[in-house]
Amino acid sequence: MGFEFKLTDEVTYVKGVGPRKAALLEKLNIFTKYDLLTHYPRTYENHSSLTDICDIIEGETVLIVGRLSNITSREARGLTIINAYLADETDYIKLTWFNQKYLLNKLREGMRLLVIGKAKYDKWAGGLAMSQIQNFTILDEYEEPPLGITPIYPATAAITQNVLRTAIKNLLNSMPTLKEILPQEILQSQQLIGLDEAMRAIHFPRDFLELNQARRRLAFDELFLIQCGLMLIKRQTQDERLGISHKKNGALVKAALEKLPFELTNDQKKVFRTVSKDMESKLPMRRLIQGDVGSGKTAVALLALVKTVENGFQGAFMTPTEILAVQHYEKFSKLLNDLGIRVGLLSAKVTRSKKLKEEIYQQIAAHELDIIIGTHALIQEDVHFAKLGLVVTDEQHRFGVNQRLTLEKKSDAVPDMLVMTATPIPRTMTLTVYGDLDVSLIKELPPGRKPIKTEAKNIRSRKKVYELVRAEILAGRQAYVVCPLIERSESEQLADIEPAEEMFDMLSNGIFRDIPCALLHGKMKPRDKDEIMEKFRDGETKLLVSTTVIEVGVDVPNASVMVVEHAERFGLAQLHQLRGRVGRGAEKSYCILISDSTANVAKARLKILETTQDGFKLAEEDLKLRGPGQFFGEAQHGLPDLKIADVFRDLEILIQARDAAEKFITDDDNLNYFASLRENLALAYGDKFNQITAN
Ligand code: ADP
Ligand code: MG
C-alpha cells in the first residue's frame, strides 16, 4: 500500500525536513506541504551563463567554474577563515569562507567547483577576490554545471536559500500531478498553462518565458479564487427568504432628522435614500459607504439605525476603537434619548466590570436596548441580540471580512449591513477588497468648511511651528501633535525618531510648560485613554500629543491645529485621515507636516498634500508612489494576503479574473465545481472564508 499524498500534510513529511527544520519553517508561516509549495520565490537570479575568471567585474554576481588549489585555514578572533584559489583557463581568483570550519572536510585540492558570488578588490590579494560566496557546488570531473534561473525565497537567518530550495525540490519530486482546478473553458479563453506545470515552473523555471506564464497562471488563480469567494458570500446572502424588509421611513426617522443640528447635504440625502431602499427590500442590504473624512457618514448611520428601531429591531454599531465607540455613544444618546430610543455602550470600559457586562448582555438579549454601540466586544460569543435588524461597521478597513460576518450571524434572519469607510479606495481596488458589497459615495463636504491650510515644513522650522500652535491655543483653540511610534526599537534609535512619549516630555516641559498637555497612545489602558479623550473633548486639555490612535474618526471641532512629526513616515492617505481631525469647526485650521527627510521623493509627496484636499486623488497618488503593499500595509482590508498577485501590476489579470469568476459563479452548470472550489478556498485561505467553506 502506498501513502497518499496530501497537500494538507505537515511539512515534516517532506524528505529532508525534520522536526528541527520544521520548527524553523514555522517562522515563515510554513506548516504544511501546501504552505511550502506556495512559498513562492521573492525574486530570481539569472544563473544561466558562466563568466570567465578573467572577465569578472567587481561587485557583480557571477558564476564561475574552476579547479581548487592552495586550501589554507586559520583562526582569527574566534573565527575560522578558509582561503583557497580557484583557477580556470583564463585566470585565478582567491576565495574566502568565514566561519564554515566544516568545509575543511569537504574541500579538496584539485576539485572542480561551481561558485556563485561577488568579487571585490582585495589589497592583500593584489586584485579581485571573492569573500561573498553565495553558493557553491562540487562538480564531478565531466559534470555539466547546472545552470538556470535560481529562485530566491523569502528566508530567515536560520533557514537558508539552500534549505528552502532543497525542501521544495524534494516536495515537487514526490508530488503527483496536481489536479487542475480551473474549468477547461477558462484555461482556454484566458490562455493559461496548467496548474501542475505552473506550480513547478514558478519554483524552477526553464526560462523567463515559462516563468512569466507560470506567474500569470498562479496570479490568476489567486484573484479568481478570492473573487469567487466574495461572490459566493454575496450569493449566499442574496436570499429573499432571509432578509428583513423594513417599512418606509416614518415618524421616528423624521423626528431624528429634525433633531440633527444641521441639514443633510445632498450627498448624505442621496445615500440615505439608497440605504433606505436597500433596507426596505427583501434582500439583505450589503452596502459600503465611502466618504472622505468629515463628510458626515455618522449621520447617515444614525438615521439608518433609527430606521431599524422604528421597525421594532435592534441596531448594532461597531467601531474599531474604544475612543470612537464612546464618542458615538455620547452623541447618539444626546440626540436619541428624547425620542425614547435606548442607546447602550458595549466596550472594554463596560466589560471590565463583570456585573456591568452581564447587565448589558442581559439588556441586549431582552431587547431593553435599541441601539448598541461598541468595539470588538460586540462580536463576543455570548452577546445575543433579541432582534438584530441592522449592523453598521464604522471604518471598515480596521475589520476583516470575517469579523464582519461574525457579527452578521448573530441573528436568525440576515440583518441588513452597512459598512462605512473613509479610506478612499480606487474603484478597481474596491472590486478586490469589497467584491461582495454595493458601493455608495459621499463626495460633498458639509457646507462652511474652511479648507485646512496644509504646509510641509523642514525640521528647522519646528520652533516657529510650535509658536503658531501656542498662539492658536492662547486664542482658545486646541491642538494635536502626532508622532509615528511610541517606543524606539534598536534600529530606530539609530534613525533618531522622536517617539510620542519623548515629544510629550519635551513639549510639556518646554514651550508648553504653562499649558495643559496630555499624551495618548495605543498601549495605554482603555480607562486611561477614555479619560484623556474626555478631557480633551471637554477642552480641559489643550494640547494632545499622540500616536495615530486618533487617526480614525475622532471629532473635536475646537481643535484647529495639527502638527505631524516625521510626516515622511506616513502614507498620503493616512496623513489625509489624520488631517481630517482638524477643520471640523468654524475656525481656520492648520495641518503642519514636519519632516527632516532630505529625499526629494519624500518632499514631493508631502507637497501634494499642500494643494489637494481630495482623499481619492491622494489615494491614487499614494498608490502610484508607494505601491499597494504600503498602501494596504497592516492588512487593513482583512482579506487574505496575496501571495503572488499584485493588484496593481496585475490589474489586467484582476479584471479578467473577476469577469471569469462572475460568469463561473452565476452559471449553474458549474455547481459540480463548487465543492472543489470550496476545497481550494479552504486550502488557500483557511478560515478567512469559513462562512462558505465550513459547509
Ligand atoms: P466622517 O464621515 O468622517 O465620519 P462625521 O460623521 O464625524 O464625519 O462628521 C464630521 C463632522 O461634520 C461632525 O462634527 C458632524 O456633526 C458634522 N456634520 C455632518 N453632517 C453635516 C451637515 N450636513 N452639515 C453640517 N455639519 C455636518
Ligand atoms: Mg466617522
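For ligands, and for the atoms within them, numbers begin at 1 and follow the listed sequence. None of these values were measured; they are calculated from a predicted model.
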### Query
Thinking salt bridges, do E280 and K247 make one under a 4.0 Å N-O criterion?
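Judged by the 4.0 Å cut-off on N to carboxylate O distance, E280 and K247 do not form a salt bridge.
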### Pair D555 + R584, salt bridge at N-O below 4.0 Å
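Salt bridge present between D555 and R584.
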### Message
If you take the nearest heavy atom of each of Q290, K297, Q268, which one is closest to atom 1 (P) of ligand 1?
### Response
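Looking at heavy atoms only, the winner is K297.
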### Message
Among residues at least two apart in sequence or on other chains, which ones pass salt bridge (Lys or Arg N to Asp or Glu O under 4.0 Å) with E444?
### Response
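In terms of salt bridge (Lys or Arg N to Asp or Glu O under 4.0 Å), with neighbours along the sequence ignored, E444 is linked to no residue.
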### F385 and H367 aromatic centres sub-6.0 Å
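No, the ring of F385 stays outside the 6.0 Å limit from the ring of H367, centre to centre.
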### Message
For Y329 and F317, I'd like to know if the aromatic rings sit close, meaning centre-to-centre distance below 6.0 Å.
### Response
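No.
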Proximal atoms of ligand 1 relative to [X] (non-hydrogen, under 4.0 Å):
X	value
E263	22 (C), 23 (N), 24 (N)
T265	23 (N)
L264	23 (N)
S295	2 (O), 8 (O)
T298	4 (O), 5 (P), 6 (O), 7 (O)

### Query
Would you find a donor on one side and an acceptor on the other, under 3.5 Å apart, between the side chain of S461 and the backbone of K464?
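Side chain of S461 to backbone of K464: no pair is present.
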### Task
May I ask you to check if ligand 1 and P557 share an N or O to N or O distance below 3.5 Å?
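No; every N/O pair is 3.5 Å or more apart.
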### Task
Report yes if P447 has an N/O atom closer than 3.5 Å to an N/O atom of ligand 1; otherwise report no.
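In fact, backbone or side chain, P447 has no N or O that close.
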### Query
Roughly how far, to the nearest 0.5 Å, is CZ of R569 from SG of C483?
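With rounding to 0.5 Å, SG (C483) is 11.5 Å from CZ (R569).
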### Test item, G291 contacting ligand 1 (heavy atom, 4.0 angstrom)
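Per 4.0 Å heavy-atom rule, G291 does not contact ligand 1.
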